[in-house]
Structure formats: C-alpha cells, structure tokens
Amino acid sequence: MTRRLPVEPAPGPLEDYAARFDYLFTSRAQREGFRRYLEGLLLADERNKTLTALANTEPVTGAQRKEAQSLQWFLTESSWDPQQINRRRVELMLEDSDTAAHNGGALVIDETGDRKDGKATAHVGKQYLGGIGKVDNGVVSVSSLYADERLYYPLEVEPYTPEHHFEGGKKDPQFRTKPQIAWQLVEGALEMELPFRAVVADSLYGENLGFREIVLDREIPYVMALRPSHAWLAFPDQVGNVWEAALFSTVSSWGGPQEPGEWVRLERTFRDGRVERWWALEAKGGPYGPERSERLVVLTTDPATLPERSTSYLVTNLPAPDSERTQSSPHSAADLAEVARLYALRSWIEQSYKQVKNSLGWAHYQVRKDLSIGRHWQLVCCAFSFCWWACRECEDFGSPPVVVLKDNEHPSSRAADEADGGKKKGQDAEAAVVGPGTTEGALVATAIRNAPALLESVLRGGPAEGATEVAR
C-alpha cells in the first residue's frame, strides 16, 4: 500500500482531531484543506469567515493567492463526502463518555435562516429568517441537535428549499416542508441509535399535526410548544383553546402563591446561580389531559396574568405520574418538573446556537451550489464540536469552551486579552497555549476556559440543571 504523504500539521489538539478524519479523504490536498479550513473557522470571532479570510489573505485581491484558491478547490471541486465527515464527527462525540448522549438528554429540532442576496444561490428565497427575525431574502436550514444540561452539539442539518425552486411548487414530489425535513432528521437520530428522553421543538412543529401524528404513532416521546390560540372543536360554554384552559384553572383555583390551587411552583437554577420561580399546570381541555394520549402543560411566571412573553404551552406524550397511562405507555412517567426541564434545554439553541454559528462563520459562505454550502456547514459543525472535544478534560467541563486561533499582532478576543493581562474577578484567566504556530508570527492555538467571550453571555443564561418542584 502506498504510504500517504504528510501534511502541514494543524496547531496543537486540532491536529489530533483532524487526523481522525484523514481516512475519509483520498488525497493529500484534501487532508491539507480540511486542516486549513478548520483553522480559519476557529480564528477570532470578529473576523469574517469568507474564503479569503479563512486563508488569511486580503479580500478580493487575495482571492487569487494559492492559499485561497486551494480552499476554494477543497470546498467546491474536490471529491470528499460531507455526510461521511458528519457521521465521523458525531461518532467522535458519542464515543467519548464526556460528550456521549444519554437517556436524560433531548433531541432538539430547530430551524434558522440567514440573509443572502440574489437568486442564484441554492435554496435562497424570500422567507422568514430566524437569524434576523423577519421576512427577507435568504437561506433557511433545519437542524437536529443533542442537548443536556452539560453540553449540546449538532447532529445533522438539512436546507429548506422554497417552493419556487420546484417546477410543481408545493405539489412537486421533491418539495419538503420544514416538518417533513424535521421528521427525516428524527429518523436519522433513530438510525444512529442516539439515546434521548424526548424530541423537543417549538410551535412550528408542535402545531403541525402531520409531524405530531408521525411521532405519536411511532411512539417517540416528545415535548413541543403550542401557540396560545391553538384550538379544538368545542361548544360555546366549553374550553376551546390552550389559553382558555390555563385561564379556566386560574379563575377556578388560583388564590395567589399561598393558595395556588392546581398550580405547582417550580424553581429553575441557572449556571450563574440565578434562580427563577415558575408555575406549572396540568391543564385539561379538548383532546388533552393526564389520561389522554397527549398532555397539555402550561408554564408561566404569573398564573394570574399569564404574560405572553413568559408563558409556554406545551404538548407531550410522556405519561403523567400516577395515571393509568403509565401502565400502557412505553415511556417512563414525567412530572411537571421533568417536562419543564426538557423544554428548557431549548435555551441552548435560543440563547447560544445561532450566535455560535455566526461566530464560526455559518452564514459567511460565498458559494452558490448546494454541495458547497453543505460542505461549509459540515465544516462549521466540525469546528464547533472540536471545541468540546479539545476541552473534554477541563475541570469545568460542561461549560461550553471555545478554541480560537489568536493572531499575535491582533488579539483575537476580549477573553484572550484578559487571559494575557490578568485575572477577571471570579475567573481563572490563565490561558494555556496548546500548540505553537508553524512559522514566525503565525497563529497560536489558545484554549480558553471559564466562560470565554464567545459564549460568556450564553452561559449566564444557560439551561437549568433541573427544575425542582416545590410543595404547594
């Protein structure tokens, strides 16, 4: 067998990580491109992650330099399979006991969108973009992630293609809605035998009866959100939507915190020590109830007013404790605190995942083909998973770390500057240099722990370690 030619190694632990993917690349140029692309993505988050920036060359004029041209070829013309890279990445996470999924975690489904100009880019169209919070021209992707109280990482990502890209529009057999894509992602997690407590998703999927019917028929546990207006057929004098179900309980039994009636007080403790008090209700109405196939759980900070921004309406097929369904359901019972805990894991996505994607250049690609975009996304996922992988032996593992490549002439981040210049109150600000650059003045890989700048604000609002039920 022909001996493979060596490549210029990546800094520190990134080389050890990248070497675990080498067998999936058929040429030295591909192995080299994989290392250089990840190095570029892990540069300081204030830098763009376009191809010229990844190659550390000047914009526009630097595009013709061999460094940028080689990365362009790696992304658009080479023969490597992004799905194989993704499977290997997930394997590395699942093989390590520190990052492996377990039965207490959640399979989170989420979608996000980012603005893109023009009409020639694959999957682009005028649609709602979660990255900017409004309808605009851009690209949307649907992702599946594993999350627990310690960590989270992406599993798979699929683009959503608007109907105008298809000859038959929405009736075209190739067209897929976001819930249909979400189900394919759930199937992918089941095929890889990923353990999880429940599928967790927002109201886009909870309101979709087709998606809910599939997971219910397949007996897959879930906790998903509903809109306050979610309704069912009812007589005029009966409860007809989820908001009315919560209001009815408030009117009939709520007597304040000292006399809560059917409401149960929960406490959520966040990583910064902050404690939030919530109230939970096992609501009844229409097709929902503790003895029905689906339960309706209401979470709010104030049962008296049910404030819109701090009230969630959740549907789940996990059986209620002490209900008859516990005898026939394949799932273990979940009390109100457990349902609240599972849905709280979505805060990883709401507070941090989109920021991390942007910091690692998720939307900075300047390519148009579907294959090239998918490759870029998979490489971003590799860079993000590497941050967990490289710091799995840290004493404070479970707080999302970040590994950046620091330019000595231009300090990479506020956290790195603090690490070089002293200690921040309450934090060990020392930075461990885990690998030197290969040439004078080159980049240095710096592992930064204890709430680095990229994720510092995320950790303060990270998911609770668990919701605790308080006696009524």
Side-chain angles (χ1 to χ4, degrees), residues 5-22 24-25 27-59 62-63 65-76 78 80 82 85-86 88-89 92 356-362 364-367 372 375-391 401-413 415-416 431-448 452-454:
L5 295 175
V7 298
E8 181 182 345
L14 183 57
E15 173 59 30
D16 188 21
Y17 181 75
R20 297 167 187 257
F21 295 82
D22 277 351
L24 296 173
F25 297 111
S27 68
R28 179 181 183 273
Q30 290 180 10
R31 301 195 302 276
E32 184 85 26
F34 183 65
R35 286 160 171 80
R36 303 293 84 83
Y37 208 100
L38 292 187
E39 287 178 8
L41 292 174
L42 291 165
L43 287 171
D45 59 283
E46 56 266 14
R47 296 181 59 154
N48 287 329
K49 303 303 167 64
T50 59
L51 281 170
T52 52
L54 295 179
N56 207 27
T57 64
E58 295 180 359
R65 290 180 59 89
K66 65 177 182 179
E67 296 89 347
Q69 287 291 304
S70 63
L71 288 186
Q72 175 78 21
W73 173 87
F74 173 70
L75 190 66
T76 62
S78 58
W80 60 279
I85 296 298
N86 187 62
R88 179 57 176 156
R89 176 187 63 83
L92 291 175
V356 171
K357 288 193 298 185
N358 291 334
S359 297
L360 291 174
W362 181 267
H364 293 180
Y365 56 86
Q366 293 179 323
V367 291
S372 302
R375 284 175 169 176
H376 174 80
W377 285 345
Q378 296 299 350
L379 291 166
V380 171
C381 290
C382 283
F384 178 58
S385 296
F386 165 71
C387 295
W388 287 112
W389 186 88
C391 293
V402 63
V403 177
V404 299
L405 295 183
K406 177 183 174 183
D407 186 335
N408 288 329
E409 296 181 0
H410 303 89
S412 63
S413 66
V433 177
V434 296
T438 56
T439 59
E440 183 178 356
L443 303 175
V444 177
T446 305
I448 304 173
L454 178 63

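- Of the possible donor and acceptor atoms, one in the side chain of Arg28 sits under 3.5 Å from a partner among the backbone N and O of Pro6.
- Taking 4.5 Å as the limit, every side-chain heavy atom of Trp377 sits out of range of all side-chain heavy atoms of Pro82.
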Check against side chain to side chain contact (heavy atoms under 4.5 Å, CB included), Tyr365 and Thr50: CA-CA 6 Å; Tyr365 56 86; Thr50 59; over 6 Å; no

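- Leu41 and Leu360 make their closest contact through CD2-O, 3.1 Å (heavy atoms, listed as atom of the first residue, atom of the second, distance).
- Legend: residues meeting salt bridge (Lys or Arg N to Asp or Glu O under 4.0 Å) with Arg35, ordered by chain and number and at least two apart, are Glu15, Asp22.
- Interatomic distance, CZ of Arg89 versus CG of Leu379, reported as 10.5 Å (0.5 Å rounding).
- The heavy-atom pair separating Ala383 from Leu38 by the smallest distance is N-CD2, 4.0 Å.
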Derivation and outcome, side chain to side chain contact (heavy atoms under 4.5 Å, CB included), residues Trp73 and Ser78: CA-CA 6 Å; Trp73 173 87; Ser78 58; 3.4 Å; yes

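- Between the CG atom in Leu14 and the CH2 atom in Trp389 there is a gap of 9.0 Å [rounded to 0.5 Å].
- To the nearest 0.5 Å, atoms CG (Leu92) and OG (Ser385) are separated by 9.0 Å.
- For the pair Gln69 (side chain) and Ala63 (backbone), a donor-acceptor distance under 3.5 Å is present.
- Partners of Gln366 by side chain to side chain donor-acceptor pair (under 3.5 Å), not counting sequence neighbours: none found.
- Among His376, Glu32, Arg375, the single residue meeting the side-chain hydrogen bond (donor to acceptor under 3.5 Å, both in side chains) criterion with Tyr37 is His376.
- Phe21 is linked by a ring pair (Phe, Tyr, Trp, His ring centres under 6.0 Å) to Tyr17, Phe34, counting only residues two or more places apart in sequence or in another chain.
- Atom NZ in Lys66 sits 12.5 Å away from atom CG in Leu71 (nearest 0.5 Å).
- A donor atom on one side chain and an acceptor atom on the other are not found under 3.5 Å apart for Thr57 and Arg65.
- Across all their heavy atoms, Cys387 and Leu42 have their closest contact at SG-CD2, 4.1 Å.
- Using modelled atom types, one side-chain atom of Ser70 and one backbone atom of Glu67 make a donor-acceptor pair closer than 3.5 Å.
- Phe25 and Phe74 have tilted rings, their planes meeting at an angle from 30° to 60° on a 0 to 90° scale.
- Between Ile85 and Cys382 the shortest heavy-atom distance is CG2-SG, 3.6 Å.
- Contact between Thr52 and Pro59 at its shortest, heavy atoms only, is OG1-CA, 3.9 Å.
- Across all non-hydrogen atoms, the minimal contact from Leu54 to Gly40 is CD2-C, 3.3 Å.
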